[in-house]
Amino acid sequence: MDRNPSPPPPGRDKEEEEEVAGGDCIGSTVYSKHWLFGVLSGLIQIVSPENTKSSSDDEEQLTDLDEEMENEICRVWDMSMDEDVAVFLQEFNAPDIFMGVLAKSKCPRLREICVGILGNMACFQEICVSISSDKNLGQVLLHCLYDSDPPTLLETSRLLLTCLSQAEVASVWVERIREHPAIYDSICFIMSSSTNVDLLVKVGEVVDKLFDLDEKLMLEWVRNGAAQPLDQPQEESEEQPVFRLVPCILEAAKQVRSENPEWLDVYMHILQLLTTVDDGIQAIVHCPDTGKDIWNLLFDLVCHEFCQSDDPPIILQEQKTVLASVFSVLSAIYASQTEQEYLKIEKVDLPLIDSLIRVLQNMEQCQKKPENSAESNTEETKKTDLTQDDFHLKILKDILCEFLSNIFQALTKETVAQGVKEGQLSKQKCSSAFQNLLPFYSPVVEDFIKILREVDKALADDLEKNFPSLKVQT
């Protein structure tokens with residue numbers, strides 16, 4: 001069965017048309033109040049006490065949804081995207097009806113639709129505030145995160161993300177989630193085991209928003225798995241699996257990448273947020289297998305997936321945010337654990353230098369103004385442009401230059417010789433690197449020139465001529 005909302009029926013019967021014409025419509029829409037009352041009354045009947053007595057027939061009724069009722073409630077789902085309809089549903093106390101359905105019904109499709117309608121209603125600020133202020137409804141909705149039905153989990157995650165994106169109520173939901181430790185386990189379970197990429201992306205967006213809003217909650221979740229004893233008895237681990245946040249994020253990222261690498265943005269940003277706190281970095285690098293797997297995944301993305309040599313430079317505009325996150329995490333791992341086997345200089349430095357310089361070169365191409373472009377742009381237009389693409393490109397450039405400078409400082413004479421021989425440190429690429437590193441990283445560049453002079457004096461002399469600001473003692 002198609003799990004998406006069904007479209008409204010193509011027409012109304014004569015009686016319904018007359019009702020609408022007689023002032024029965026909702027707000028400025030053509031939807032009928034009388035019809036909507038009927039659908040909501042039908043929902044009430046489904047979960048009424050006389051229909052929820054325990055018997056085999058009733059159990060079947062609670063898990064199955066009549067086709068006609070499904071079509072009608074899906075129509076309400078479609079209608080609820082209209083603000084007039086959403087306001088009318090709120091005035092009719094529809095959220096209480098949906099709460100009753102979610103508390104009593106075992107029908108996955110019905111639960112999915114009810115949460116979906118609430119999600120549509122929450123897109124409007126006043127209704128979102130009203131829904132968020134209802135503690136009982138909040139408890140029921142959070143309990144939906146323990147559901148086993150992926151479509152219901154998807155709609156619940158969408159609703160939570162909508163509420164977390166409303167500044168007026170975001171803190172309410174953060175606090176509720178903090179008060180329910182089992183939500184951590186549920187989200188980790190989804191990230192580590194689900195193959196539903198739509199669900200993984202939406203759950204990732206919820207986690208990303210939570211961490212962005214509340215660093216304290218992020219630290220609690222990072223420490224949650226780490227606080228569990230590693231040597232607990234086997235029988236206990238089977239009853240209550242121990243979820244560690246970073247491995248779960250890694251599994252979700254791998255699954256998302258297998259379907260579409262462009263959807264990785266959210267999980268890369270979660271990892272980037274983790275690297276902003278010491279506990280987050282340690283959670284990544286102190287687990288040898290996880291640290292190595294994350295490094296290998298990100299290393300492969302920048303070396304073989306994103307912004308490749310055969311891609312047009314403009315691709316950088318589409319990939320700038322995910323590249324900023326990926327390189328930021330790589331840089332943090334590189335700076336904190338250079339003794340790890342998977343970070344041996346001869347294995348990673350030259351490919352990373354090649355990738356970093358390639359992105360910087362594409363950035364230069366993207367920022368070039370067309371020769372025939374008008375130079376009479378208004379100050380307002382320039383400011384608008386700066387707050388969009390240029391702002392994100394500047395962030396990316398800062399990350400790239402800091403990472404590149406760290407790698408340059410670790411280069412040995414042998415690695416430089418290999419880079420010159422294989423082309424990663426050609427005159428053109430070194431020039432591109434210097435152009436971006438100078439003047440802020442002058443000491444790093446000067447030290448690199450000293451090593452390069454021992455390997456290829458002619459190349460070092462050419463670069464010094466092109467960059468006279470360098471003062472390298474010979």
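For the single chain, residues carry numbers from 1 onward in sequence order. Any value given below was found using the heavy atoms of this structure, including those in side chains, with hydrogens, waters and symmetry copies removed.
- None of Val197, Leu161, Val266, Leu160 except one satisfies the side-chain contact (heavy atoms from CB on, under 4.5 Å) rule with Lys202; the exception is Leu161.
- Dense packing is recorded around NZ of Lys254, with more than 12 heavy atoms of other residues, nucleotides or ligands lying under 6.0 Å away.
- Dense packing is recorded around CD of Gln409, with more than 12 heavy atoms of other residues, nucleotides or ligands lying under 6.0 Å away.
- Under the 30°/60° scheme for interplanar angles, the aromatic rings of Phe299 and Trp295 are found to lie parallel.
- Of the inter-residue distances, the one linking Cys430 atom SG with Lys427 atom NZ reads 10.5 Å to the nearest 0.5 angstrom.
- Residues Asp349 and Tyr334 meet the side-chain proximity criterion, which asks for heavy atoms closer than 4.5 Å.
- Side chains of Trp173 and Leu210 form no contact here, defined as non-hydrogen atoms less than 4.5 Å apart.
- Between the side chains of Glu251 and Ser192, no donor-acceptor pair of N or O atoms lies under 3.5 Å.
- Between Val172 and Ser132, the shortest heavy-atom distance links the atoms CG1-O, 3.9 Å.
- Asn466 and Ser431 get closest at one heavy-atom pair: ND2-OG, 4.4 Å.
- Classified by interplanar angle (parallel below 30°, tilted 30° to 60°, perpendicular above 60°), the ring pair Phe448/Phe408 is parallel.
- The heavy-atom pair separating Tyr441 from Glu402 by the smallest distance is OH-CA, 3.5 Å.
- In this structure a side-chain-to-backbone donor-acceptor pair under 3.5 Å is present from Ser432 to Gln428.
- Using modelled atom types, one finds a donor on one side chain and an acceptor on the other under 3.5 Å when comparing Thr415 with Thr412.
- More than 12 heavy-atom neighbours from other residues, nucleotides or ligands sit within 6.0 angstrom of NE2 on His180.
- A 6.0 Å sphere centred on OH of Tyr146 holds more than 12 heavy atoms belonging to other residues, nucleotides or ligands.
- Judged purely by distance below 3.5 Å, without hydrogens or angles, the side chains of Asn436 and Glu364 pair a donor atom with an acceptor atom.
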